[in-house]
Asks: 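First the structure, then my questions, so here it is.
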Amino acid sequence: MLVLVAPGQGAQTPGFLTPWLDLPGVQDRLREWSAAIDLDLVHYGTNADADEIRDTAVAQPLLVAAALVSAGQLFPAPGDFTRLVGAAAGHSVGELAAAALTGVLSEHAAMTLVRRRGLAMAEAATAAETGMSALLGGEPEVVLPHLEKLGLIPANVNGAGQIVAAGTREQLAALAEDKPEGTRRVVPLKVAGAFHTPHMAPAVTALESAVSELTVTDPHTVYVSNKDGKTVATGREVVSRLVGQVANPVRWDLCMDTFKELGVTAIIEVAPGGTLVGLAKRALPGVKTLALKTPDDLDAARALIAEHTAAAETPAE
């Protein structure tokens, strides 16, 4: 079974959209979305520097746009996604891309909502000096109590030996000086605030208002939620979880557990891919993985899709 996943904030790099603009229709789609959300996606995806695209209000729409553009190259015809993909999920803001790809939201609605999300989270982050740090290595039963002792929140429990802590700058400084036993490294992340914590509560309120205007349908493909790794069958529940997730931890570890329970045999991470495939390689040994970084990866992705389609359609003896 093939699972498609979309990365979260931090996956963007300067110029990462540049090679995608050479594909037919891509620049037109990006310019259409840019006009709709009042953000020049082409500029930020090609010419902007690292500081400019680190801005939450810019990074989040860029990432969803990249996910939709790259997935569109793999599944260009209506019904392709439903026929070829067994399940889909996204990490943090990648969930909005997954919602569009599974039919819960239109692409236009997903881009409009992610723009509102990015602006709301950027504004919430100005209320206090907060941030996030990744802990590499260590066992959850040791790491989590240690974070609680320091007043930090496990904002991302990613599995494969990776937990991201969030809190005030002072709390994170204390973590750097006193890391949990078994943790190899504590890496400060270049983000504007403590995402997926109660520090983001004002953004939840803003998004609750935004989603009330959206047309929502039930997912046509299995949708796996960051909240608890559960599959979600109704569009309204997906959207409700998208809103609440802004101020609650991402449980990517549980999403990968669900992929395993569903019988995953291959994972493709849409652009700008790499992070989630890296986690899958450690947490799901034996599962084939492929990260879409540039259009040069499309042929290998299509071959992997064709291989899994043929295997799924071969009758058992």
Asks: Is the backbone N or O of L175 less than 3.5 Å from a side-chain atom of D178, with the two atoms forming a donor-acceptor pair by type?
Replies: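 The answer is no, because no donor-acceptor pair under 3.5 Å joins these two groups.
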Asks: Quick one: does L152's side chain get under 4.5 Å of T197's, heavy atoms only?
Replies: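 Sidechains of T197 and L152: no contact.
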Asks: Between R302 and D299, does any NZ, NE, NH1 or NH2 come within less than 4.0 Å of an OD or OE carboxylate oxygen?
Replies: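 Yes, charged N to carboxylate O under 4.0 Å.
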Asks: For a quick check under 3.5 Å, do Y223 and E95 share a side-chain donor-acceptor pair by atom type?
Replies: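 Yes, a side-chain donor-acceptor pair sits under 3.5 Å.
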Asks: Answer with yes or no whether the side chains of T168 and Q171 bring together a donor and an acceptor at under 3.5 Å.
Replies: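 Side-chain D/A pair, Q171 to T168: present.
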Asks: Salt bridge or not for D228 and R241, using N-O below 4.0 Å?
Replies: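 Looking at D228 and R241, the cut-off is met.
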Asks: Give me the atom names and distance for the closest heavy-atom approach of A98 to G90.
Replies: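 For A98 versus G90, the nearest heavy atoms are CB-N, 3.8 Å.
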Asks: Keeping the roles fixed (side chain from T265, backbone from M1), state whether a donor-acceptor pair exists under 3.5 Å.
Replies: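 Judged by distance alone, yes, a pair lies under 3.5 Å.
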Asks: L101, L298: one ILVMFWY side-chain cluster at the under-4.5 Å cut-off?
Replies: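 In one cluster with L101: L298, yes.
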Asks: Does L207 reach the side chain of V246, with side-chain heavy atoms less than 4.5 Å apart?
Replies: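 A side-chain contact exists here, since the closest heavy-atom pair is under 4.5 Å.
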Asks: One thing to verify: whether K260 and D257 come together as a salt bridge, which I'm taking to mean a side-chain N less than 4.0 angstrom from a carboxylate O.
Replies: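 No, this pair does not count.
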Asks: Treating Q12 as the side-chain partner and G10 as the backbone partner, does any N or O pair qualify as donor plus acceptor under 3.5 Å?
Replies: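 A pair under 3.5 Å: yes.
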Asks: Distance-only, no hydrogens or angles: does the Q162 side chain make a donor-acceptor pair with backbone N or O of G159 under 3.5 Å?
Replies: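 Looks like no, no N/O pair under 3.5 Å.
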Asks: Sub-3.5 Å donor-acceptor pair from the side chain of Q245 to the main-chain atoms of P249, do we have one?
Replies: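 Yes, because the side chain of Q245 sits within donor-acceptor range (under 3.5 Å) of the backbone of P249.
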Asks: Does a side-chain heavy-atom distance below 4.5 Å link T112 with W33?
Replies: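 No, every pair of side-chain atoms sits at 4.5 Å or beyond.
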Asks: Pair R83, D80 - check salt bridge (Lys or Arg N to Asp or Glu O under 4.0 Å), show working.
Replies: CA-CA 5 Å; R83 181 171 58 87; D80 279 356; 3.4 Å; yes
Asks: If Ile, Leu, Val, Met, Phe, Trp and Tyr residues are connected whenever their side-chain heavy atoms lie under 4.5 Å apart, and connections chain through other members, are V264 and V270 in the same group?
Replies: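 Different clusters.
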Asks: Does the side chain of L74 reach to within under 4.5 Å of the side chain of I305, using non-hydrogen atoms?
Replies: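 Side-chain contact under 4.5 Å: yes.
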Asks: Would V85 end up clustered with V69 when hydrophobic side chains under 4.5 Å apart are linked, directly or stepwise?
Replies: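 Yes, it is one cluster - the side chains of V85 and V69 are joined through contacts under 4.5 Å.
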Asks: Mark yes or no for whether D297, through its side chain, and K293, through its backbone, hold a donor-acceptor pair below 3.5 Å.
Replies: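 Yes; judged by distance alone, with no hydrogens or angles, the pair exists.
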Asks: Can a salt bridge be assigned to the pair R251 and D253 using a cut-off of 4.0 Å between side-chain N and carboxylate O?
Replies: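 The answer is yes: the pair qualifies as a salt bridge.
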Asks: Applying the 4.5 Å side-chain criterion to the ILVMFWY set and letting contacts propagate, would V222 and I267 be lumped into a single cluster?
Replies: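 Yes: a chain of side-chain contacts under 4.5 Å links V222 to I267.
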Asks: Does any N or O in the side chain of E269 come within less than 3.5 Å of the main-chain N or O of A6, such that one atom is a donor and the other an acceptor?
Replies: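 No; judged by distance alone, with no hydrogens or angles, the pair does not exist.
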Asks: Quick one: does S225's side chain have a donor or acceptor within less than 3.5 Å of a partner on K227's backbone?
Replies: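 The answer is yes, because a donor-acceptor pair under 3.5 Å joins these two groups.
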Asks: Can a donor-acceptor pair be found, under 3.5 Å and without considering hydrogens, that links the side chain of N156 to the backbone of I163?
Replies: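 Judged by distance alone, no pair lies under 3.5 Å.
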Asks: Just wondering, do L17 and V42 contact through their side chains at under 4.5 Å, heavy atoms?
Replies: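 Sidechains of L17 and V42: no contact.
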Asks: Please answer whether the main-chain N or O of A194 pairs with a side-chain N or O of T130 as donor and acceptor at a distance below 3.5 Å.
Replies: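 Checking the backbone N and O of A194 against the side chain of T130, a donor-acceptor pair under 3.5 Å is found.
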Asks: Is any side-chain heavy atom of V239 less than 4.5 Å from a side-chain heavy atom of L105?
Replies: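 The answer is yes, as the side chains (C-beta and beyond) meet within the 4.5 Å cut-off.
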Asks: Looking only at side chains, do H220 and T102 share a donor and an acceptor under 3.5 Å apart?
Replies: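 Absent: no donor and acceptor within the cut-off.
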Asks: With respect to H91, which candidate in V250, L63, V5 satisfies the side chain to side chain contact (heavy atoms under 4.5 Å, CB included) definition?
Replies: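 So the option named by the test is V250.
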